[in-house]
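Take a look at the structure below.
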Amino acid sequence: MFGQIRELVQHTVPVLRLSCLSAQAGKLDFRLWPIMERYESKEVEFKWQKIWADNSAFSTVREDGRDKYYVLEMFPYPSGKIHMGHVRNYAIGDVVSRFFTMKGKNVLHPMGWDSFGLPAENAAIQHGIHPAEWTYKNIDYMKKQLKRLGLSYDWEREVTTCAPEYYRWNQWFFLKFMEKGMAYKKLSTVNWCPACSTVLANEQVEGGLCWRCESTVEEKELEQWFLKITDYGEELLEHTRKLPGWPERVLLMQRNWVGKSTGAEVVFKVEGADETIKVFTTRPDTLYGATFMSLAPEHPVIEKITAPDRLRGVREFISRVKAGGKKGRGEAEKEGVFTGAFSTNPLTGAKIPVYVANFVLMEYGTGAVMAVPAHDQRDFEFAKKYNLPVTVVINPPKIILDPAAMIAAYQDEGTMVNSGPFDGMKNTEAMVKIAELLEERGVGKRSVSYRLRDWGISRQRYWGCPIPVIYCGACGAVPVPYKDLPVILPEDVSITGKGMSPLLLSSFVDTKCPRCGKGARRETDTMDTFVDSSWYFLRYMSPQNNNEPFDKKEASYWMPVDQYIGGIEHAVLHLLYARFFTKAVRDLGLIQADEPFKNLLTQGMVCKEILRCPGHGYLLPEEAEGGRCRECGKPVTVGPTEKMSKSKKNTVDPDRIIETYGADTTRLFSLFAAPPQKDLDWNEDGVEGSFRFLGRVWRLVSENADILSGFDFKHDKPLEGFLRRIHRQTHSTIKKVTQDIEERFHFNTAISSIMELVNSLYQWEGTKQGALEREVFREAVEAVVLLLSPFAPHISEELWQRLGNPTPLYSTPWPVFDPDAVRSEEVTVVVQVNGKVRAKVSVPADAGKEYVEGVVMKEQLVAKWVAAKEIRTTVYVPGRIFNIVVQ
RNA sequence: GCCGGAGUGGCGGAACUGGUAGACGCGCGGGACUCAAAAUCCCGUGGGGGAAACCCCGUGGGGGUUCGACUCCCCCCUCCGGCACCA
């Protein structure tokens, strides 16, 4: 009979489950189920996933006046399947979500898809499948995988960025920004792959080559749309100081990215021409030492000032530099060419030659540099190469520099020389004084420069959000009227990856000018996909809203995100863009928050050791046998441990792990093996250990089922001996797990303390027959199940039910520890002599120093070390250490 | 080059504000159960010495502060990450 049921369960699990559940409408009576002697993860997990779904256990609504908690994990790109990095990321988020739910917060925990992007187009080119089909198939599969992990998402809020219902609001924001002059078009230099005939993002250029076809990437001037992130440079920098919940290193990377420099702008007149050149310098104190000037090859003044007989050479030089590509430029040796023109130092009147140099960037400062070879290493190298004069204006303490003998620039502080009225001053002082003098004379001013550039968002790609602009011969670039949004990305296109953009097909491009009604053309560029992910956390507020990007009331309740969790690889780009968007959306009057993410957790990578054969390169685990390569039999080298990647063949398929051990074990291991911030070494034996632990917990309940139910628990009697100890450990475990989750996200130590409690329960010294024993035991087991639930929710729910609880665990409050129970009356004090541990004594917790000293001095071992020596002093740390200092 | 982070048993990692270094897990060794195996349960497990009680050494290396240092300070070594001609 039993065997038959088992067989039935194995073959028809979902069906049987459905019938059991529907009869009880969520309140499933486990007596309808065959008793599972062994821990069968799959059955338990299917059962509870179904119950959660049927009861919308994790859907959330706004409740004004109730404490909210918005926990968010970076949404994935639907690349096909989830990987272990996702599993780890979402397991961490789920612990946070479930914990704060049990703590009574109104928790918002949504999930969605960052679903525009290049891989979809590559799939189209390689396999002939349409990007949309490919993407939606992947979403479908990955969603199943996430559900199989039992993650507590409110799936009703799911967001998909490639859906017109989503990206129309990208376009809406774009139009709003355009109105404010924050979205604008300008000619700029881009990475261009001549073989793919398309623009590449900086990240898609690897060592100067196209990541896809390995052609040399060129620089090309193109009209591109930009967002004025630089308007927010100062605020983005300043607000990094208002984010104490962010890791310091991420804030630092963001500060470096914005790259604020203070200095001065100085105006140089060009000899014999009606032109001036502005330079930016952080070292106005070195102005008297400027011996030449360097211009960026793109600088507009070059054409106007270059001597006619040098024009050819200058132009040749410029086109050579440009052909080298952005990357090549960075690596090339410093080079330049003389324009034949001279400019005048506004303070000294000195005439200095003007060069064009390959290392000067048009995008930074003013695109022109006053060169001070004595005090700037780049200028020094340039001066040496072209035999230009070196003038020292700052001497280090007690040394007089000789320009002819210098082998490098002196860039530190010192005393001014050769600087007219500033001689003898400290250079830091001169820095201010010279800037003041420039302002006084009207030939310069104090100034600030940022490394941050405006965000170029145009992409010559198909699978992205169309930029809502129409080009009219008469009216110019005209924004698409709001009522015509969304500009739908046409789907009936063929994608070859060659030649023109698929969007150039006439049915998309040909349109009428919204302003004058004449024939016009649509913009065929799409937006950078980072635009999609810059505000998705706002769309979760009201994903079905058809009138606005999000509901303001919802946003004012839920924003900001209380805890954001994701990979460190987004430390700059995504997180900077999202911060920028939040501020821009705030300035549109839609939200109050200045910052999107209050707390940020950057989880480490998931790593695994790599296997290598000297002849066949990286090997899969199954390609090596007994330490040898299956192909050639050569010995395989194991290690080092590196980030999982397909090319290194050290990935682990989550499907396989879940199939073998279950979702709970998979989650538990990824949380136990390392704290979230650190890299995690994947280790199959470790997974086995987590599985064993869950089996141990399972048995703890099932083997004691008879004594664990059927009575009310209330410990109102005093406890003694091991019962008291177990009771204390139960409460100290509650305390520790709570603190570890809440304060530090140290899930690994939280889990280990639950393991310790379970170990103690296996060491139970009594009979479990007496009422008191049963009460203490049950209290401990309940605590184990409750504390384990954020990490391994399915098995916890199942055991919770088996303990006879009528309501599901997901709606049960988090346990609270009893401070009286945690307190212990006897403590062990370590006795040291001169800082070395010599003995241990047990004393009452509230004992004073004199009392402890009395006990300590009676100890034989102590006497041995102290004997015949003079006691200088004693130190007592209450309840911890008693240190005797002798001689 | 500049800016960060990290070095602890055979391995992953504990040790929160200086107070018993190595919790917990893996691995390994031993035992129990079994005809046997698997599973499970129990014991042991930093190195060295000792029969034992105990003792010595140990947190990348070297110095320092302190009654006491994985923890604080100085110098050095190694590994990882970010930025990289930003004037």
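Numbered from 1 within each chain, the chains take letters A, B, ... in sequence-line order. Keep in mind the model is a prediction, meaning the values are calculated, not measured.
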By nearest-heavy-atom nucleotide on RNA chain B, the more 5' of A/E381 and A/L861 is A/L861

At a heavy-atom distance below 4.0 Å, what parts of residues 871-879 of chain A sit against RNA chain B? A/V875, A/V877

How long is the span from the OH atom in A/Y450 to the OG1 atom in A/T230, to the nearest 0.5 Å? 10.0 Å

Checking contacts here: which listed nucleotide (B/C86, B/G19, B/C41) is nearest the side-chain heavy atoms of A/Y762? B/C41

Quick check on B/C67: is either OP1 or OP2 less than 4.0 Å from any side-chain nitrogen or oxygen of A/Q832? no

Rounded to whole Å, how long is the line connecting atom CG of A/L295 with atom C1' of B/C85? 16 Å

Which one, B/G13, B/A15, B/C54, comes nearest to the side chain of A/K864? B/C54

Applying side-chain hydrogen bond (donor to acceptor under 3.5 Å, both in side chains), run through A/N358 and A/K334 and close with a yes or a no. CA-CA 6 Å; A/N358 62 346; A/K334 283 170 193 55; over 6 Å; no

Pair A/F669, A/L680 - check side-chain contact (heavy atoms from CB on, under 4.5 Å), show working. CA-CA 10 Å; A/F669 175 73; A/L680 180 147; 4.3 Å; yes

Determine, for nucleotides 23-32 of chain B in 5'-to-3' order, which nucleotides have protein heavy atoms under 4.0 Å from the base (write B), from only the sugar-phosphate (write S), or from neither (write -). BBSSS-----

With rounding to the nearest 0.5 angstrom, report the CG to CG distance, A/D664 to A/L788. 7.5 Å

Separation of atom CG in A/N256 from atom C1' in B/G1, rounded to whole Å: 14 Å

Base of B/C83, side chain of A/R255 - is there a donor-acceptor contact under 3.5 Å? no

Does A/W682 place a side-chain N or O at less than 4.0 Å from the phosphate oxygens OP1/OP2 of B/G12? no

On the nucleotide B/C43, are OP1 or OP2 found under 4.0 Å from the side-chain N or O atoms that A/Q763 carries? yes

Taking only the C1' atom of each, what is the distance from B/G58 to B/A69 in whole angstrom? 14 Å

Please tell me which of the listed nucleotides, B/C83, B/C3, B/G12, lies nearest to the side chain of A/R451? B/C83

Can A/F530 and A/W455 be said to form a ring-ring contact (aromatic ring centres under 6.0 Å, His included), step by step? CA-CA 10 Å; A/F530 276 111; A/W455 178 11; 7.3 Å; no

So what does A/V885 hit on the nucleic acid, given a heavy-atom distance under 4.0 Å: a base, only sugar-phosphate, or nothing? sugar-phosphate

Does B/C70 have a Watson-Crick or wobble mate here (both distances under 3.5 Å), and if so which one? none

Watson-Crick or G-U counterpart of B/G12, or none if no pair lies under 3.5 Å: B/C24

Distance in angstrom units between A/E248 CD and B/A6 P, rounded: 12 Å

Does the ring centre of A/F693 sit less than 6.0 Å away from the ring centre of A/F691? no

Quote, to the nearest angstrom, the P distance that separates B/A6 from B/C43. 37 Å

By the 4.0 Å heavy-atom rule, please label A/R249 as base, sugar-phosphate, or nothing. sugar-phosphate

Under 3.5 Å, is there a donor-acceptor pair between the side chain of A/Q254 and the main chain of A/A571? yes

What is the ring orientation for A/H570 with A/H574, classed by angle as parallel under 30°, tilted 30 to 60°, or perpendicular over 60°? perpendicular

Separation between the P atoms of B/G13 and B/G60, rounded to whole Å: 15 Å

Whole angstroms only, please: what is the NZ-C1' distance between A/K678 and B/A14? 10 Å

To the nearest Å, give me how far apart CZ (A/F359) and C1' (B/C85) are. 7 Å

Strand partner of B/C79, provided both Watson-Crick or wobble distances fall under 3.5 Å: B/G5

Roughly how many Å is it from CD1 in A/I568 to P in B/G82, rounded to a whole number? 10 Å

For B/G9, does the glycosidic angle fall within 90° of 0 (syn) or outside that (anti)? syn

Distance below 4.0 Å between A/R880 side-chain N/O and B/G68 OP1 or OP2: no

Say you pick atom C1' in B/G19 and the same atom in B/U71; how far apart are they, in whole Å? 11 Å

Report the distance from atom CG of A/N883 to atom C1' of B/U20, rounded to the nearest whole Å. 12 Å

Distance from A/F817 atom CZ to A/H731 atom NE2, nearest 0.5 Å? 10.0 Å

OP1 or OP2 of B/C55 versus the side-chain N and O atoms of A/R838: is any pair under 4.0 Å? yes

Could you work out the separation of B/G25 and B/C41 based on their P atoms and round it to a whole Å? 11 Å

Is it the case that the side chains of A/T641 and A/E609 hold a donor-acceptor pair, with the cut-off being a distance below 3.5 Å and no angle test? no

If you find the nucleotide of RNA chain B closest to A/K840 and the one closest to A/M253, which residue's nucleotide is nearer the 5' end? A/K840

Between A/S449 and B/A87, is there a contact of a side-chain N or O with OP1 or OP2 at under 4.0 Å? no

A quick test of your reading: do over 12 heavy atoms of other residues, nucleotides or ligands sit less than 6.0 Å from CZ of A/R446? yes

C1' gap between B/C86 and B/G12, integer Å: 42 Å

What integer number of Å spans the C1' atoms of B/C75 and B/A23? 34 Å

For B/C41, which nucleotide is its Watson-Crick or G-U wobble mate, given both distances must be under 3.5 Å? B/G31

Using atom C1' in both nucleotides, what's the gap between B/C70 and B/A36 to the nearest angstrom? 48 Å

Please evaluate residues A/Q739 and A/I734 with respect to the criterion side-chain contact (heavy atoms from CB on, under 4.5 Å), reporting the C-alpha separation (whole Å), side-chain torsions for both, the decisive distance (0.1 Å), and the verdict. CA-CA 9 Å; A/Q739 286 177 345; A/I734 295 171; over 6 Å; no

Presence of salt bridge, A/R255 and A/E248, under 4.0 angstrom: yes

Identify the nucleotide, in any strand shown, that forms a Watson-Crick or G-U wobble pair with B/A36, with both distances under 3.5 Å; if there is none, say none. none

